[in-house]
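The structure under discussion appears below in the form of C-alpha cells.
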There are 2 protein chains.
Amino acid sequence: MSVKHGLLGLLAQKPQNGYELKNSFDKIAGGFWDVNYGQIYSTIDRLVKDGLVISSVEGKESAERRVYQITEKGIKEFKDWLDKPSAKIRPLRDEVFVKLAFMYPFDRDAILQLLAEQRQLYLAKMAELTRQKYLLSRNGISRDNLMTDLLLDAALFHAEADIKWIEHCEVKLREFEGEPPVSDG
Amino acid sequence: MSVKHGLLGLLAQKPQNGYELKNSFDKIAGGFWDVNYGQIYSTIDRLVKDGLVISSVEGKESAERRVYQITEKGIKEFKDWLDKPSAKIRPLRDEVFVKLAFMYPFDRDAILQLLAEQRQLYLAKMAELTRQKYLLSRNGISRDNLMTDLLLDAALFHAEADIKWIEHCEVKLREFEGEPPVSDG
DNA sequence: AAAGTTGTATATACTAGTATATATATCTTA
DNA sequence: TAAGATATATATACTAGTATATACAACTTT
C-alpha cells in the first residue's frame, strides 16, 4: 500500500513521469524503502485503472513520455491514507530465522557460524548508517534533514536489536550445550 | 527465497500435499513468517517446473490430492541454501515511515498522534509475544522449544526497538519546536 | 437423518516487488 | 566530431505475497 500512496503523494505535489517518480520516491524514502522501476510502472498503471491518476503523452514521437497527474479522487485517497493508522505491524520476515528454524536442533556449530556471519553483516550495516548520519549532519541537523536523520536512526535501532538478539542466541545455545556462557569481549 | 527453501526442507522430511505443507510451515515459522495457501501452491508449482520436486495424484476421483516429493536436485538446492549466508539485510519497509516522510515537516500534531497510535500497537504486540513466551515456557525451556522461544525474543527485541525509536522521535520533534523534551514517565 | 459447523484441499485473480533488457538523449573527452 | 560514458525513460518476464472463492469430508447437534 505504501508505494501506491507514496506515488499519489508525489503526484499531489506536481505531475511527473515514471522516471521522475522513481527519483522523487528515492529522495523521500530511499534508504528504508527501495522501489524498482518495474514497480513504479505497474503501480501507476493500477492507479490509472482506478481513476486516481490520469496520464497524458508528451514529447516527440521518437521519445514519448507519459506524464501522470493526480485526480480529485486520488487526492482524497491519499489524505484518507495519511489519517488512518497503519494497523498492521510488518511481519518479521527474515531468511535467517527460517534457516535457524530448519537447522535447529542439528548442527550447533553451523548455527553459531551462521549467527557470527549475520553479526558481521549487521555491523557493516550500522557502520554504513552511521556514515550516512555523519554526512547528513556535518552542518548540523535542521528542520530540512531532521526526518531523514530520524529514519536513519530507526534503521540503526533495528540493526542494534538484531545484534543484541544474536548475542542472546549465542548465550542461550551455549547454555543448552552445558558450556559456560561466552565472557564479555 | 525462504518459502521456496522452507518447502524443500519440509519435503526433505517427508512427502506432503499443499495443505499439509501449509500446516508444517506454520508450525516451524508461524509467528514470524505467515504463508498463504495461494503462495504455497504457486511456489510449489515453480519447484515442480524447475525439477526440484515431483508431484503425483492420490485419492479417489471426487477428492484428488496432489502429493509432492523432493528430488535429488531439490535436496542439493536445500543444503546449498542452508550453507550459504543470507547476504541481503531485509529492508526496513514500514508504512509508518512513508507516512512520516510525507507528513513532515507539516502537521506536527498529526505526526505526534500517529506516533502515539503506533506505540499502542507495538505495546499490544509485545504483550501478545510475552503471553506466547509464557505459554511456551510454563514447563520450562527445553531443547524442543528453545528455538521457538528465541524467535519470539527476536520479535520482542524489534518491538522494543520500535518503541524506543518512537520515544526518540517524540523528543527530537519537540526539541525542534522549541518545547522542552517530555519528562520521564 | 437433515442441518449446521469445522476441517481438508485446491484454485483463481489480484497486488507487490525483482531482474533485466532496450532505446534514445545528453554529456564528455580524445 | 566520432566514440564512449552517463542520464533519461519504458517494457517485459518473472518471483513473492494477499484475498477470497469453492468443494467435498467429517464431525456434531437437533
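- A residue-by-residue look at B:Val67 and B:Pro91 shows that B:Val67 has its nearest nucleotide of DNA chain C further toward the 5' end.
- Within the structure, every side-chain polar atom (N or O) of B:Lys88 is placed at least 4.0 Å from both OP1 and OP2 of C:dG17.
- The aromatic rings of B:Trp33 and B:Phe25 stand perpendicular to each other, their planes meeting at an angle above 60°, with 30° marking the opposite boundary.
- For the pair A:Val96 and B:Arg90, the minimum side-chain heavy-atom distance is 4.5 Å or more.
- For B:Glu170 and B:Arg119, the salt-bridge test passes: some basic side-chain N is under 4.0 Å from an acidic carboxylate O.
- In this structure, A:Ile44 places its CD1 atom 15 Å from C1' of C:dT15, rounding to the nearest Å.
- Screening residues 100-144 of chain B for ring pair (Phe, Tyr, Trp, His ring centres under 6.0 Å) gives A:Phe78-B:Phe102 as the qualifying pairs, with residues at least two apart or on separate chains.
- Per the geometry, CD belonging to B:Glu95 stands 16 Å off P belonging to C:dT15, to the nearest Å.
- Taking each heavy atom of A:Ile28 and B:Ala101 in turn, the nearest pair found is CG2-CB, 3.5 Å.
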Grab the N/O contacts between the protein and nucleotides 11-13 of chain D below 3.5 Å, and write none if there aren't any.
unit_1 : atom_1 : unit_2  : atom_2 : d
D:dA11 : OP1    : A:Arg66 : NH2    : 3.0

Give every donor-acceptor pair under 3.5 Å between a side-chain atom in residues 47-56 of chain A and any protein atom, sequence neighbours left out.
none

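- The CG atom of B:Leu21 sits 11.0 Å away from atom CG of B:Asp26, with the distance rounded to the nearest 0.5 Å.
- Regarding A:Glu58, its CD atom lies at a distance of 13 Å from the C1' atom of D:dA9, rounded to whole Å.
- For A:Arg46 and C:dA16, the shortest distance from a side-chain N or O to OP1 or OP2 is below 4.0 Å.
- Regarding contacts with the backbone of C:dA16, every side-chain N or O of B:Arg93 stays at 4.0 angstrom or more from both OP1 and OP2.
- Put simply, CG on B:Leu52 is 12 Å from P on D:dT15, counting in whole angstrom units.
- Distance NE2/A:His158 to CE/A:Met126: 12.5 Å, rounded to 0.5 Å.
- Atom CH2 in B:Trp33 sits roughly 10 Å away from atom P in D:dT18 (whole-Å rounding).
- Here A:Lys4 does not reach the OP1 or OP2 of C:dC14: none of its side-chain N or O atoms lies under 4.0 Å away.
- In this structure, B:Met103 CE and B:Asp107 CG are separated by 5.5 Å, a value rounded to the nearest 0.5 Å.
- For the contact set between residues 15-29 of chain A and DNA chain C, defined by any heavy atom under 4.0 Å, there are no members.
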Table please: side-chain donor-acceptor pairs of residues 5-12 of chain A below 3.5 Å, with sequence neighbours left out.
unit_1 : atom_1 : unit_2  : atom_2 : d
A:His5 : ND1    : A:Met1  : O      : 2.7
A:His5 : NE2    : A:Glu77 : OE2    : 2.8

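- Five base pairs at each end of the helix from C:dA1-D:dT30 to C:dA30-D:dT1 define two local axes, and these are offset by 10° (rounded to 10°).
- Contact record, B:His168 with A:Asp153: NE2-OD2, 2.7 Å, taken as the closest heavy-atom pair.
- At the heavy-atom level, B:Val35 lies nowhere under 4.0 Å from the strands shown.
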